[in-house]
Number of protein chains: 2
Amino acid sequence: MTASDPRPLDDEQLGAYFALMDVASLLRHAVEQQLREAGDLSYVQFQLLATLGLGTPTGTARMTDLADRVVYSRSGLTYQAGLLEAAGLVTRAPSEEDERSVVVSITDAGREVLRTVLPGHTDVVRQQLLEPLSRRGTSALAGLLTPVRDHMRAQPPRSAGRRRRR
Amino acid sequence: MTASDPRPLDDEQLGAYFALMDVASLLRHAVEQQLREAGDLSYVQFQLLATLGLGTPTGTARMTDLADRVVYSRSGLTYQAGLLEAAGLVTRAPSEEDERSVVVSITDAGREVLRTVLPGHTDVVRQQLLEPLSRRGTSALAGLLTPVRDHMRAQPPRSAGRRRRR
DNA sequence: TATTGTTATACTCTATAACTATA
DNA sequence: TATAGTTATAGAGTATAACAATA
């Protein structure tokens, strides 16, 4: 527990904070519309498919690891994974190493949906975010925010947090 | 309507996009927890109060202007404004210039809640976002994202969009 | 006719707590 | 005992369409 700085944020700090939140919020809204129309996916569902299909070599992940990465509660992931499974885009099977764990795998149909959705998705991201940033800005933004994400993720994990705090 | 670029995003572009979305998502989650505990506010409600209390000289705004800035549908804003009004944090009154419009005003109680919530809010933003960014990074981030927000907002407004597209 | 705002409604999503099963 | 995951449940939030009132 660090002592808190009593000074209010200055205009530049507030500007960075609100700009970040507004841009992400507007972008997410735009992107969600595209995903819904192109593939009947929510953004969270897209994140899950993208994590499995683009972010791992095997196309598989444990439920808890997915929850820590994408969703903030275990039951939330169970719900979303259930929807994806019902749509045939992922499968769930008990892990062979640890019988408590469940391994989620993207299916061929899941990869197909990802392929279908990706071009339009890319268009939206390019038009809304990347175009006004330009090449150099894109690089700078990634350089700034990637360490921030790492810093945030280094803090106590979301899925287990509640449980451990009892 | 611009022709779409058929090339997929490269790693740097994907990195910037996902880092932005992840950071905003994690930050929003952290901030929402603080707002709920400190002042029983959702993030949207905080945005509304902050827009009125910090973003305008008069502490007032029209419903439609608030909707365009904060929420994405008129009915969504009616709902949130209703909650804030029931809590005594804002008032709503018909505009004198245009009888169709409703002017929302932050109350003293609303400003008080804002004051109560702000120090803890600031702590979270500082610890999660600003500290790892450092001074220079904060400035750079604001410089990158403010034009992006302007670019996004220059596009057809959210509240009227659906209606006009009929 | 177009715009402002509200209402009714239905739906999606999320989190909490209780529970089962395995380590 | 601790961890992985599910279920039941309840609540918050959002959007759509239909509506009333004013410009």
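Chain letters run A, B, ... following the sequence lines, proteins first and then strands; every chain starts at 1. These numbers come from a predicted model, not from an experiment.
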## Note on the structure
For A:Asp98, the salt bridge (Lys or Arg N to Asp or Glu O under 4.0 Å) test, sequence neighbours excluded, returns A:Arg100
### Task
For the residue pair B:Tyr72 and A:Leu26, establish whether any side-chain heavy-atom pair is separated by less than 4.5 Å.
yes
### Task
Starting from P on D:dT3, measure out to CG on A:Asp65 and report it in whole angstrom.
15 Å
### Task
Measure the distance from CG on A:Asp68 to C1' on D:dG5 and round it to the nearest whole Å.
13 Å
### Query
Within the distance-only criterion (no hydrogens, no angle test), does the side chain of A:Gln80 pair as donor or acceptor with the backbone N or O of A:Leu77 below 3.5 angstrom?
no
### Query
Could you state the CE-P distance from B:Met63 to D:dT22, rounded to the nearest angstrom?
17 Å
### Query
Of B:Gly76 and A:Leu77, whose nearest nucleotide on DNA chain D comes first from the 5' end?
A:Leu77
### Message
Using a strict heavy-atom distance below 4.0 Å, which residues from residues 50-58 of chain B are in contact with DNA chain C?
### Response
none
### Message
I'd like to know if the side chain of A:Gln34 and the backbone of A:Val117 have a donor-acceptor N/O pair within less than 3.5 Å.
### Response
yes
### Query
Given atom OH of B:Tyr43 and atom P of D:dT14, what is their separation to the nearest angstrom?
13 Å
### Query
Heavy atoms under 4.0 Å, any strand shown: does A:Leu83 hit a base, just sugar-phosphate, or nothing?
sugar-phosphate
### Message
For B:Thr60 versus B:Ser105, what's the shortest heavy-atom pair and its separation?
### Response
CG2-OG, 3.3 Å
### Summary
note: B:Leu41, atom CG; D:dG13, atom P; distance rounded to Å ~ 10 Å
### Message
I'd like to check the side chain to side chain contact (heavy atoms under 4.5 Å, CB included) partners of A:Ala30; sequence neighbours left out, ordered by chain and number.
### Response
A:Val124, A:Gln128
### Query
Over how many whole Å does the gap from A:Leu35 atom CG to C:dT12 atom P extend?
16 Å
### Message
Please tell me whether B:Tyr43 and A:Val71 are part of a single hydrophobic cluster in this structure, the criterion being side-chain heavy atoms less than 4.5 Å apart.
### Response
yes
### Query
Does the A:Thr107 side chain pair with the main chain of A:Leu89, one donor and one acceptor, at a distance under 3.5 Å?
yes
### Query
For DNA chain D, which residues in residues 91-103 of chain B have a heavy atom at a distance below 4.0 Å?
B:Asp98, B:Glu99, B:Arg100
### Query
If the sugar-phosphate is the primed atoms plus P, OP1 and OP2 and the base is the rest, what is the B/S/- string for nucleotides 7-12 of chain D, using protein heavy atoms under 4.0 Å?
B----S
### Query
Can you list every salt bridge (Lys or Arg N to Asp or Glu O under 4.0 Å) pair that touches residues 55-64 of chain B, not counting sequence neighbours?
B:Arg62-B:Asp65
### Task
Could you pull out the closest heavy-atom pair between A:Leu144 and A:Pro147, with the gap in Å?
O-CD, 3.4 Å
### Query
Given atom CD of A:Glu32 and atom C1' of C:dT12, what is their separation to the nearest angstrom?
11 Å
### Task
For B:Glu32 and B:His29, indicate whether the former's side chain and the latter's backbone hold a donor-acceptor pair under 3.5 Å.
no
